[in-house]
Amino acid sequence: MLESLLSLARSYTRYYDSSSAGWIVVILVVALIALLIFLRFVPLGLWITSLAAGVHVSIASLVGMRLRRIQPKRLVEPLIKARKAGLSINLSQLETHYLAGGNVDRVINALIAAQRSSIELPFEKACAIDLAGRDVLQAVQMSVTPKVIETPVVAAIAKDGIELRAKARVTVRTNIERLVGGAGEETIIARVGEGIVTTVGSSDTHKAVLENPDSISRTVLSKGLDAGTAYEILSIDIADVDVGRNVGAQLMMDQAEADRRIAQARAEERRAMAVAHEQEMKASVQEMRARVVEAEAEVPKAMAAALREGKLGVMDYFQMKNVEADTSMREGIAKAAAPSSSPAPADKK
């Protein structure tokens, strides 16, 4: 736009450089260009708006914000809003928070909401909460209107081995004093789940929990679970309690199966030892039989040597033979008289 005005001025100068009217037109064009440059750096409309609202903002401050690449509208409008609400905040404070990366408009809205709700919230505290990444306006709103947090299903086991699945609704309110550095909703949910598990686990039977589910709420609230968090727990309500698996019976079955496998392994070990011992005994018997056979093979040699040396007479030898024959005859008679183990064949008709 400036270039078009400059070209227009040159054209008028070309045609009217010798006349006074031409110079008047050039002066008017230059004045118009200067006015446009002035309006570009000085938001005159915003300055008039601030004066009409009763908030004094100097033109030098507006030009300085332009030079610092700050949109004056983002600071002047929240300043007007704060002054109309009766907050004692100056432009320098807003500019400092804006340059630090904060959301000026949200901080002013939070301060106005806190003032209307009779909540003590200094400007520095609000800026610290905003720069910490918290939503300061939502925090003030939650201080006025508590928020309900619904926990996921928490599984817990009573002493009788029955599993219970509980779901709770936690009503919390923002604690402004602990908002910076305090834990969030995840910590509240985790602590409530821990309290449910502890309460159900300390119950003798699952029926006692089903009869009085409010015992979980009382026990969890008495533990002070909101310590170190950015919230204050107002109430804990058990929304639903369902009966799950019989974990105790399942554990007993698993233990019995493990004991059976252990006993089976021990029995298999004993059987293997017995088989090894039997094999060892068989080997010992075979060795003894081999020795007996070897010794029996030496008997004829000893008898022959005794006959040659005269230590054994012929009659003694024949008498020994008669004893052996008599023994063999007696064994044969005994075998013939013993009943047969095989069944007798059926008579053929």
Side-chain angles (χ1 to χ4, degrees), residues 110 113-114 117 119 129 132-265:
S117 304
I119 298 175
I129 294 172
R134 302 275 190 175
D135 193 339
V136 60
L137 180 59
Q138 183 182 6
V140 174
Q141 292 172 350
M142 284 183 60
S143 298
V144 179
T145 304
K147 179 181 179 181
V148 178
I149 303 174
E150 186 169 344
T151 64
V153 177
V154 179
I157 302 173
K159 290 183 179 181
D160 58 354
I162 304 299
E163 180 187 36
L164 295 179
R165 298 177 177 271
K167 182 187 294 185
R169 290 189 176 94
V170 187
T171 305
V172 297
R173 180 174 58 193
T174 303
N175 192 328
I176 301 295
E177 297 297 328
R178 297 184 304 194
L179 193 59
V180 177
E185 296 182 8
E186 293 79 7
T187 304
I188 294 291
I189 294 174
R191 290 182 179 180
V192 170
E194 180 184 356
I196 293 174
V197 172
T198 303
T199 305
V200 175
S202 60
S203 301
D204 294 330
T205 61
H206 70 285
K207 296 180 181 179
V209 180
L210 293 176
E211 291 175 358
N212 299 308
D214 56 339
S215 61
I216 300 178
S217 303
R218 292 195 302 269
T219 305
V220 174
L221 281 175
S222 63
K223 291 181 177 295
L225 302 181
D226 53 0
T229 64
Y231 302 99
E232 178 184 355
I233 298 178
L234 300 179
S235 65
I236 299 176
D237 303 314
I238 303 302
D240 188 17
V241 179
D242 295 329
V243 180
R245 303 172 299 159
N246 191 340
V247 180
Q250 184 66 36
L251 291 176
M252 293 177 63
M253 291 172 60
D254 295 341
Q255 184 64 38
E257 180 66 19
D259 294 341
R260 185 188 66 80
R261 292 182 179 179
I262 293 173
Q264 186 176 0

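Computation of the quantities below employed the complete heavy-atom set of this structure, encompassing side-chain atoms and omitting hydrogens, waters and symmetry-equivalent molecules.
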Self-check item: Under 3.5 Å donor-acceptor, T151 side chain and A168 backbone
Solution: yes
Could you tell me the separation between the [atom1] atom of [X] and the [atom2] atom of [Y], rounded to the nearest 0.5 Å?
X	Y	atom1	atom2	value
K207	I162	NZ	CD1	9.0 Å
I149	I189	CD1	CD1	6.0 Å
N175	T229	CG	OG1	7.5 Å
I129	Q138	CD1	CD	12.0 Å
T171	R169	OG1	CZ	9.5 Å
K147	I188	NZ	CD1	11.5 Å

Exercise. Inspect the contact between R191 and E194 and indicate whether a charged nitrogen and a carboxylate oxygen are less than 4.0 angstrom apart.
Key: no
[Y] side chain reached by [X] side chain, heavy atoms, under 4.5 Å:
X	Y	result
V172	M142	yes
V148	D237	no
E257	R261	yes

Quiz item: What are the two closest non-hydrogen atoms of L137 and A113, and how far apart are they?
Solution: CD1-CB, 4.4 Å
Practice problem: Going by the side chain to side chain contact (heavy atoms under 4.5 Å, CB included) test, name the single residue among I196, L164, V154, V197 that passes it with I216. | Solution: I196
Quiz item: What do you reckon, is NZ of K159 surrounded by more than 12 foreign heavy atoms closer than 6.0 Å?
Solution: yes
Quiz item: Under 6.0 Å from the CZ atom of R178, do we count more than 12 heavy atoms belonging to anything else shown?
Solution: yes
Quiz prompt | Trace of the side-chain contact (heavy atoms from CB on, under 4.5 Å) decision for V243 with L210 | solution = CA-CA 9 Å; V243 180; L210 293 176; 3.7 Å; yes
